[in-house]
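Following: one structure in structure tokens, then a few remarks.
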Amino acid sequence: MSGRETIAAVATPPGVGAVGIVRVSGPRVPDIAMVLLGRLPAPRQAVLADFLASDGEPIDQGLALYFPAPHSFTGEHVLELQGHGGPVVLDRLLARVLALGARAARPGEFSERAFLEGKLDLTRAEAIADLIAAGTEQQARLAARSLRGAFAQRVDALLQALTRVRVQVEATLDFPEEDLDPDLAVSVAADLARLLADVDRLLGTAQRGERLRDGLLVVLAGAPNAGKSSLLNALAETDRAIVTPVPGTTRDLLHADVQIDGLPLRVVDTAGLRLSPDPIEQEGVRRAREQIDQADLVLWIIDDADPNAEHAAPADLPSQVPRLTIRNKIDRSGREPGAQSTADGAAVLACSATTGAGLADLRRALTRHAGLGADAGGELSARRRHLDALRRTRALLVTAAQAQADAAPPELVAEDLRLAQHSLGEITGAVSSDELLGRIFSEFCIGK
């Protein structure tokens, strides 16, 4: 700790408030406290004190809390100054702390130091940012669960199991002259199968957690006048889009942020897909197709009351993007709401954006697509980097299992297992790099 700079930042949001906090961390904290407060407060006890300017006049009066290392959030000496929440007061107080030898903290630098001092693993550190940024109650619950270590515990269990398999395999490299267990190959194969199953379970949990954290991009597509804008308004429960009987009213992308049972959705209304000589409508169609390519789910909307409507989606829509066909306007066609069976097994749902019939079924279908059940008690807050690491881990374990089954040289199996452990370790920070840490903590707010 002695070689690090002391950092400081305002830890409360900008603006006027009853209380504002300046946080200081690092080896010079005791010296700064002696000059700023005239004394070093007793550890972990709130002390009423004047915060003194260079001329001895008080900048403010408030509470000071001192946390000596290593018993603090960062693992370093920490001083928290709780004063009045006016921006001028906080700016003066921070400037005074900086003049006494601290420097302004980077975004997330307090949490980064907590990680470097072994106070947090990366999943817990990221959960702090997720908890602060939570926009739904479900997101907050998942972030709190990861902050308590639920994600890290599952990753650590996988790392321990993977280490045991590596020990078995590498024993054949380190002690080739020993008479090893003749059933070793069978044992390793069984352990790898169990590991793969456990990774798959965690991957499924992380995928659902990532969807709850980041939400789904749902794109409404279809022919002009199929009722896409009406459906956007119905899902958003507001008149977000202009609705007219004139085909081609929507020419640009319209977005609405929607929550369904704690699942955040970004719903995008697009221009009707058709050939048009109008250059403005052509650009709208181009943008619609661009959004379709990026979607997590496409709702293909058809006018169920129009006997001439083309029910099949265009063949050139991307096949890798999941699609749900919506028979809209059933208040005019007389069709019953809800899921409909089709001869080819395609997913179809009938509803009316005008009357609301079938919309509850649609909302349930959206949450099912996200992989969410009624009980999310085992879910975790997860990020795309976690999914990427788990997928790389899984691919390497599959390669190792195949090499083991093919009686490949143990050096190849051992290398695949080493790389798998490396990928898995990236999740908690057991394996990390300056680039990875910089990318993660730069997303944090200043003062955290």
Side-chain angles (χ1 to χ4, degrees), residues 11-12 21 23 25 44 65 67 69-76 78 80 107-163 198-215 259 261-264 370-390 393 423-432 436-437 439-441 443-445 447-448:
T12 43
I21 298 174
R23 178 176 289 159
S25 179
R44 294 174 294 282
L65 291 101
F67 302 90
H71 305 296
S72 70
F73 172 74
T74 62
E76 304 174 325
V78 170
E80 286 199 357
E109 191 168 4
F110 290 92
S111 296
E112 181 179 8
R113 291 191 175 195
F115 165 74
L116 294 173
E117 289 294 322
K119 294 290 185 176
L120 297 170
D121 64 76
L122 287 185
T123 62
R124 288 182 174 94
E126 289 166 317
I128 293 173
D130 292 344
L131 189 59
I132 293 171
T136 70
E137 185 178 347
Q138 185 76 290
Q139 288 174 331
R141 279 201 299 267
L142 266 59
R145 190 173 294 124
S146 289
L147 182 56
R148 291 194 300 270
F151 196 176
Q153 289 166 11
R154 294 185 64 174
V155 173
D156 287 342
L158 288 174
L159 284 169
Q160 291 173 20
L162 185 48
T163 298
D198 290 341
V199 169
D200 283 340
R201 278 191 288 271
L202 182 55
L203 182 57
T205 299
Q207 286 173 329
R208 292 189 293 274
E210 189 268 341
R211 286 170 177 170
L212 277 169
R213 177 184 180 271
D214 294 339
Q259 289 183 26
D261 295 335
L263 172 67
L372 306 180
D375 178 16
E379 304 305 335
L380 305 161
S381 181
R383 299 182 172 209
R384 291 188 185 276
R385 80 167 191 91
H386 303 150
L387 301 184
D388 175 64
L390 286 169
T393 300
S423 296
L424 198 55
E426 290 177 9
I427 297 175
T428 59
V431 176
S432 61
L436 174 64
L437 297 182
R439 188 167 67 247
I440 290 172
F441 290 106
E443 299 175 1
F444 283 48
C445 54
K448 193 58 185 171

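Just so it is clear, the structure is predicted and the values come from calculations on it, not from any experiment. Hydrogens, waters and symmetry mates are skipped; everything else that's a heavy atom, side chains included, is used.
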Exercise: identify the closest heavy-atom pair between Leu131 and Ala144: CD1-N, 4.2 Å

Aromatic plane relationship, His386 with Phe151 - under 30° parallel, 30 to 60° tilted, over 60° perpendicular: perpendicular

Closest non-hydrogen atom pair, Ala69 against Gly75: CB-O, 3.3 Å

Stepwise side chain to side chain contact (heavy atoms under 4.5 Å, CB included) check, Leu387 with Gln207: CA-CA 7 Å; Leu387 301 184; Gln207 286 173 329; 3.8 Å; yes

Whether Ser381 side chain and Leu142 backbone form a donor-acceptor pair below 3.5 Å: no

Spacing of Ser111 atom OG and Lys119 atom NZ [to the nearest 0.5 Å]: 13.5 Å

pair Leu437-Phe115: side-chain heavy atoms closer than 4.5 Å: yes

Shortest non-hydrogen separation from Phe441 to Ala125 and the atoms involved: CE2-CB, 3.8 Å

Flag side-chain contact, heavy atom, 4.5 Å: Ile440 against Glu126: yes

Donor-acceptor pair, side chain of Arg23 and main chain of Gly447, under 3.5 angstrom: yes

Minimal non-hydrogen separation, Pro107 against Phe444, with atom names: CB-O, 3.2 Å

Distance in Å, Arg154 CZ paired with Thr205 OG1, rounded so as to fall on 0.5 Å steps: 4.0 Å

Distance, nearest 0.5 Å, that separates CG of Leu122 from CD1 of Ile427: 10.0 Å

Pairwise distance CG(Leu159) to CG(Leu424) - rounded to 0.5 angstrom: 4.0 Å

From Leu120 atom CG to Thr428 atom OG1, the distance as rounded to the nearest 0.5 Å: 12.0 Å

Given Arg385, Lys448, Arg383, the one that forms salt bridge (charged side-chain N to carboxylate O under 4.0 Å, His left out) with Glu443: Arg383

Carboxylate-amine/guanidinium contact Asp121 Arg124, below 4.0 Å: yes

Salt bridge (Lys or Arg N to Asp or Glu O under 4.0 Å) partners of residues 423-432, not counting sequence neighbours, each pair once: Arg392-Glu426

Distance-minimising heavy-atom pair for Ser146 and Leu380: OG-CB, 3.8 Å

Nearest atoms (heavy-atom pairs only) where Leu212 meets Leu263: CD2-CA, 4.0 Å

Atom pair CG/OG of Leu162 and Ser423 - distance to nearest 0.5 Å: 10.0 Å

Check: Ile128 and Phe110 side chains under 4.5 Å, non-hydrogen atoms: no

Option among Gln138, Gln139, Arg213 that satisfies the side-chain contact (heavy atoms from CB on, under 4.5 Å) test with Pro264: Gln139

